[in-house]
Protein chains: 2
Amino acid sequence: MKIKIDDIDKKILLLLQHDSTLTYKEIAKKINLSLSPVHDRIKRLEQEGVVERYVGILNKKMLGVGLTVFSQVTLIRQTREVSQIFDIAIKQLPEVVECNFVSGSFDYLLKIIVADMEAYHNFHQMKLSTIEGVSLINSFFVMSEVKSTTEIML
Amino acid sequence: MKIKIDDIDKKILLLLQHDSTLTYKEIAKKINLSLSPVHDRIKRLEQEGVVERYVGILNKKMLGVGLTVFSQVTLIRQTREVSQIFDIAIKQLPEVVECNFVSGSFDYLLKIIVADMEAYHNFHQMKLSTIEGVSLINSFFVMSEVKSTTEIML
DNA sequence: TCACAAAACAGAATATTTTTCGATTATTCA
DNA sequence: TGAATAATCGAAAAATATTCTGTTTTGTGA
């Protein structure tokens, strides 16, 4: 599952996860290499799946999706069957941008992005709470986003 | 702050936030338009800041950063001064990929990505708990990532 | 409804970037 | 050391992005 990455790969990955519009030429210059190895390495990293995908990051406020909510969800039972139903349902909800199964006093922590409180209310009542097996939902509303990045430390 | 977006813009944004390697030609074909308007619209959306940036998404497991932790942080006081110190400190920590100021029984919810438990222990003791004003830290460990996307609903 | 202005659009040119390819250099391992 | 493999380089070819010119559509006010 884990793959060996050398220092040059690491430099390339750090650049790409920060700004994927960099051209091969620009990357080559930044890491003091010629075009070919940069090209070959990036293609290899994409091929191997180290780079999963390239995406555009949008400005939520400008698009009028202004409310982020974290919801702690507890299921009636922690059986594989109940979890599986929940997992499948969550993946289909576009409002849910992150869903993690966690240790501790609840089962799942969800990150939900919606337009406003009305939209969240509707989501909560019509979609989240109607998923089979959901027992408890405890929500926290984001008042201010301090930091948000897709860049992981290498 | 909010900007008006028509249906064509919306289609383009949905495509770009899913896969930014699509060429203008491919996008043009998908939304039944010629190259020029697609080009002009994308450049406008970038210019306006609706598209904030383009990034590569990396595979955490392959890179050996296998532990995700959510930490609820409470400060000694909720004054502007204490918050400001915390905000600045958090922005400088590469382990913290998300930080939100939330309503409820604690002040901040952090998402932290590290290599393993040892790395988290070190981060907790050396970095997070040493930030001035931090009073309580309550951590939840991710056992399984069910969903993770950067795509927001439009 | 008409005239006008502004915006959106199409197609062709030019410039830039990506991709491919053969040759050279470095590295690894017996 | 020597052979085999991998990595790198430079240049040409292909694909894409960008720019430009002209046309069509849309919206507005008289």
Side-chain angles (χ1 to χ4, degrees), chain A residues 1-65 150-154, chain B residues 1-65 150-154:
Chain A
M1 199 126 220
K2 192 177 164 184
I3 263 179
K4 65 171 164 46
I5 302 289
D6 67 15
D7 288 350
I8 297 175
D9 289 338
K10 197 187 263 187
K11 282 181 189 173
I12 291 173
L13 292 172
L14 285 170
L15 290 170
L16 284 180
Q17 73 170 344
H18 183 71
D19 179 6
S20 62
T21 67
L22 289 169
T23 64
Y24 293 143
K25 197 198 279 184
E26 289 170 324
I27 293 172
K29 192 174 182 184
K30 279 180 191 289
I31 65 176
N32 289 317
L33 221 61
S34 73
L35 258 164
S36 314
V38 169
H39 176 267
D40 293 350
R41 280 168 180 272
I42 290 174
K43 288 300 152 194
R44 193 195 76 234
L45 291 166
E46 290 170 3
Q47 181 65 31
E48 290 173 337
V50 178
V51 180
E52 289 186 348
R53 59 188 184 280
Y54 295 96
V55 303
I57 303 293
L58 309 186
N59 185 312
K60 292 195 285 288
K61 284 181 185 171
M62 282 190 177
L63 293 165
V65 278
T150 53
E151 296 175 44
I152 59 178
M153 208 183 46
L154 297 183
Chain B
M1 201 124 217
K2 193 177 164 184
I3 262 180
K4 65 172 166 43
I5 302 289
D6 66 17
D7 288 350
I8 297 175
D9 288 338
K10 197 187 262 187
K11 282 182 188 172
I12 292 173
L13 292 173
L14 284 170
L15 290 171
L16 285 180
Q17 73 169 345
H18 183 71
D19 180 6
S20 62
T21 67
L22 289 169
T23 64
Y24 293 145
K25 196 197 281 183
E26 289 170 324
I27 293 171
K29 192 173 181 184
K30 278 179 193 288
I31 64 176
N32 290 316
L33 221 63
S34 73
L35 260 162
S36 318
V38 169
H39 177 267
D40 292 351
R41 280 168 180 272
I42 291 174
K43 287 300 153 194
R44 193 196 75 233
L45 291 165
E46 289 170 2
Q47 181 64 32
E48 290 173 336
V50 178
V51 180
E52 288 187 348
R53 59 188 184 280
Y54 296 96
V55 303
I57 304 293
L58 308 185
N59 185 310
K60 292 196 285 287
K61 284 181 184 170
M62 283 191 177
L63 292 165
V65 279
T150 54
E151 297 175 45
I152 59 178
M153 209 184 45
L154 297 183

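Lettering of chains follows the sequences in order, A, B, ..., and the numbering in each one begins at 1.
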[Y]/[X] salt bridge by N-O under 4.0 Å criterion:
X: B:D6; Y: B:K11; value: no
X: B:E26; Y: B:K29; value: no
X: A:E48; Y: A:R44; value: yes
X: B:D9; Y: B:R41; value: yes

Side-chain touch B:I5/B:L45, heavy atoms, less than 4.5 angstrom: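 Side-chain contact under 4.5 Å: yes.
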
Side-chain heavy atoms of B:I42 within contact of B:I27, under 4.5 Å: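 Answer yes - side chains close enough.
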
Near-strand residues of residues 31-44 of chain B, defined as heavy-atom separation under 4.0 angstrom from DNA chain D: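 By residue number: B:H39, B:K43.
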
Of residues 8-30 of chain A, the positions that come close to DNA chain D - non-hydrogen atoms, cut-off under 4.0 Å: A:I8

At their closest point, which heavy atom of [X] faces which heavy atom of [Y], and how far apart are they?
X: B:M153; Y: A:V65; answer: O-CG1, 3.6 Å
X: B:I152; Y: B:L14; answer: O-CD2, 4.5 Å
X: B:V55; Y: A:S20; answer: N-OG, 3.2 Å

Which nucleotides of DNA chain C pair, in dot-bracket form (Watson-Crick or G-U under 3.5 Å, | meaning another strand): ||||||||||||||||||||||||||||||

Sequence neighbours excluded - ring pair (Phe, Tyr, Trp, His ring centres under 6.0 Å) pairs with any residue from residues 4-24 of chain B: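 Applying ring pair (Phe, Tyr, Trp, His ring centres under 6.0 Å) to every pair that reaches into residues 4-24 of chain B, excluding sequence neighbours, yields B:Y24-B:H39.
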
Partners passing ring pair (Phe, Tyr, Trp, His ring centres under 6.0 Å) against A:Y54 (at least two apart in sequence or in another chain): none

Side chain to side chain contact (heavy atoms under 4.5 Å, CB included) between A:I57 and B:V51, intermediate numbers included: CA-CA 6 Å; A:I57 303 293; B:V51 180; over 6 Å; no

Near-strand residues of residues 46-58 of chain A, defined as heavy-atom separation under 4.0 angstrom from DNA chain C: none

